[in-house]
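Atoms within a ligand are numbered from 1 in the order they appear, just like the ligands themselves. FYI, the numbering just counts along the sequence from 1.
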Amino acid sequence: MADRLRWGILGTGNIARQFSAGVAASRRGALAAVASRQQASADAFAKAFQIPVALGDYAALLARADVDAVYVSLPNSLHHAWTIAALKAGKHVLCEKPFAVTPAEADEMFDVASSAGRVVMEAFMYRCHPQTLAVQQAIADGQIGDVRQVRTSFCYRTTKVAGNVRFDPTLAGGALMDVGCYALSFSRLLLGEPTAGSAAGTVHPTGVDDLCTGWLAFAGGAVASFTVGTGVQANNTAYVCGTEGYIEIPVPWKPPVEGGQYVLAYATPPKQDAPPGGGAAPVPPPRQTVQLPPAGDLYGIEADDFAGHVLDGTPVRVTRADTMGNTVWLERFRKQIGLAY
Ligand SMILES: NC(=O)c1ccc[n+]([C@@H]2O[C@H](COP(=O)([O-])OP(=O)(O)OC[C@H]3O[C@@H](n4cnc5c(N)ncnc54)[C@H](OP(=O)(O)O)[C@@H]3O)[C@@H](O)[C@H]2O)c1
């Protein structure tokens, strides 16, 4: 295989554009082909991103020998079928989040990848971003003690309902699927698999949730809570609270291109504990901002990370078990709030 991963892009929507710009800026990726349901969309997309091959048919892209990896950027309900088709065509697949609608679908996708000997992974760009890795390292270094609570939100407001895949239940839209998957992924990344959880949500007239709040409990007593929505605004800061301090991540999901940052903070008053041996407790600075250097294009980082999985065999960032856990809880929460898909 070439030293650059040759990408085929399925779909010409919003995230396909962002990812393709990322591949163009990546060190180890090349844009080989794009496919759309309409030839004209494929042509316009190929022109915008200087992609040599434009196809008006997804299957035609999968048949090409000059494509090593396929990026599935289709609506949620189509991830299963097109990921499987791409794997069976011998392609590696980076499939957008949420990976599948049901755990049974996700299981089948991973089984097909195993049989085909190909890499398949759920595209959670934030997972390979240096900001997330730095926060994980700070926690592993004990900077906030034992993690007891994770608190997240991922909300935005959109008034575009007609023609919006996020408001279409037949495409498995909704806030939980669109952005709740991040809250679940991040909480589980730091705390492991939940032992219990519950959610309450509001169902939009189109039949998808547009607001959802939930909690999760974990072995050892840690808890997580989240709010996600497509009709409400929030600061979307993530908090990781430990016995010795807490971490605040102002932009957890799409870190700033000019450099991620997080805040290491201590409650005020900082500590109630008496220090060992008595005397005055050392008082740490209440807030320290840790500024990280610019990391480059968000999706270029993701494309390079995935190239490492395929070309160098580095372990995937988002494992099968990880994706399965998210898929199971997304389905449970959907059922709890009365969604039919
Ligand atoms: N990782 C991230 O940061 C991120 C951000 C946004 C979205 N996403 C995920 O990416 C996926 C796509 O989201 P998006 O925002 O890019 O959506 P979008 O702008 O609506 O694009 C979806 C594309 O899918 C294709 N498509 C095939 N069948 C379709 C149908 N029945 N209805 C509508 N489109 C159809 C279309 O491409 P053609 O017309 O060219 O065939 C369309 O442009 C979702 O799974 C979403 O969760 C991820």
Side-chain angles (χ1 to χ4, degrees), residues 8-23 33-49 51 53-62 70-83 85-86 93-101 105-106 109 121-129 132 154 156 158 160-186 206 208-209 228 230 236 251-255 257 297-303 305-306 317-318 323 326-327 330 341:
I9 309 292
L10 284 194
T12 56
N14 152 46
I15 193 64
R17 284 191 289 275
Q18 297 181 55
F19 184 78
S20 296
V23 172
V34 60
S36 169
R37 293 166 300 170
Q38 298 93 22
Q39 184 66 49
S41 298
D43 289 341
F45 195 96
K47 191 167 173 217
F49 294 98
I51 304 176
V53 176
L55 302 154
D57 170 12
Y58 298 157
L61 184 144
L62 304 187
V70 167
Y71 174 62
V72 176
S73 72
L74 307 177
N76 302 337
S77 64
L78 302 181
H79 292 178
H80 170 250
W82 284 104
T83 292
V93 179
L94 180 63
C95 175
E96 263 309 334
K97 43 53 62 177
F99 190 67
V101 183
E105 280 187 3
M109 292 153 78
M121 197 180 79
E122 183 171 22
F124 269 121
M125 175 276 295
Y126 89 95
R127 287 290 297 273
C128 61
H129 194 277
T132 308
F154 197 159
Y156 61 93
T158 176
K160 182 178 181 284
V161 174
N164 186 341
V165 297
R166 288 163 182 76
F167 283 87
D168 189 338
T170 68
L171 298 177
L176 256 177
M177 293 294 272
D178 192 37
V179 280
C181 59
Y182 285 93
L184 273 167
S185 165
F186 185 68
T206 61
V208 304
D209 57 310
V228 296
T230 55
N236 295 343
V251 191
W253 318 123
K254 284 194 171 189
V257 175
D297 185 283
L298 303 180
Y299 298 97
I301 296 171
E302 184 179 39
D305 211 52
F306 190 80
R317 279 292 165 197
V318 186
T323 287
N326 245 42
T327 313
L330 284 173
Y341 51 96

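- Only side-chain heavy atoms of Leu78 come within less than 4.0 Å of ligand 1; its backbone N, CA, C and O stay farther off.
- Among all protein heavy atoms, the one lying closest to atom 22 (C) of ligand 1 is Ser73 O, 3.8 Å.
- Close approach to His79 involves these atoms of ligand 1, each under 4.0 Å from a residue heavy atom: 45 (O).
- Note: an N/O pair closer than 3.5 Å links Leu74 and ligand 1 by distance alone.
- Between Arg127 and Asp305 there is no salt bridge, since none of the side-chain N atoms of the basic residue sits less than 4.0 Å from a carboxylate O of the acidic one.
- Checked against a 3.5 angstrom limit, the closest N/O atoms of Gly11 and ligand 1 fall outside it.
- Considering backbone and side-chain atoms together, Pro98 places no N or O closer than 3.5 Å to any N or O of ligand 1.
- For atom 47 (O) of ligand 1, the closest heavy atom belonging to the protein is Lys97 O, 2.8 Å.
- When only non-hydrogen protein atoms are considered, atom 3 (O) of ligand 1 lies nearest to Tyr299 OH, 2.7 Å.
- Of all atoms in ligand 1, listed by their number and element, those nearer than 4.0 Å to a heavy atom of Asp178 are 47 (O).
- Atoms of ligand 1 found under 4.0 Å from any heavy atom of Leu171, numbered from 1 in the order shown, are 31 (N), 32 (N).
- Short contacts between ligand 1 and Arg166, defined as distances under 4.0 Å to a heavy atom of the residue, involve ligand atoms 6 (C), 7 (C), 13 (O), 14 (P), 15 (O).
- For Tyr182, the heavy-atom gap to ligand 1 drops under 4.0 angstrom.
- For a threshold of 3.5 Å applied to N or O pairs, the pair formed by Ser41 and ligand 1 contains no separation below that value.
- Scanning the protein heavy atoms around atom 17 (O) of ligand 1, the nearest turns out to be Val165 CG2, 3.9 Å.
- Of all protein heavy atoms, the one lying nearest to atom 27 (C) of ligand 1 is Tyr58 OH, 3.1 Å.
- The shortest contact between atom 16 (O) of ligand 1 and any protein heavy atom is with Ile15 N, 2.9 Å.
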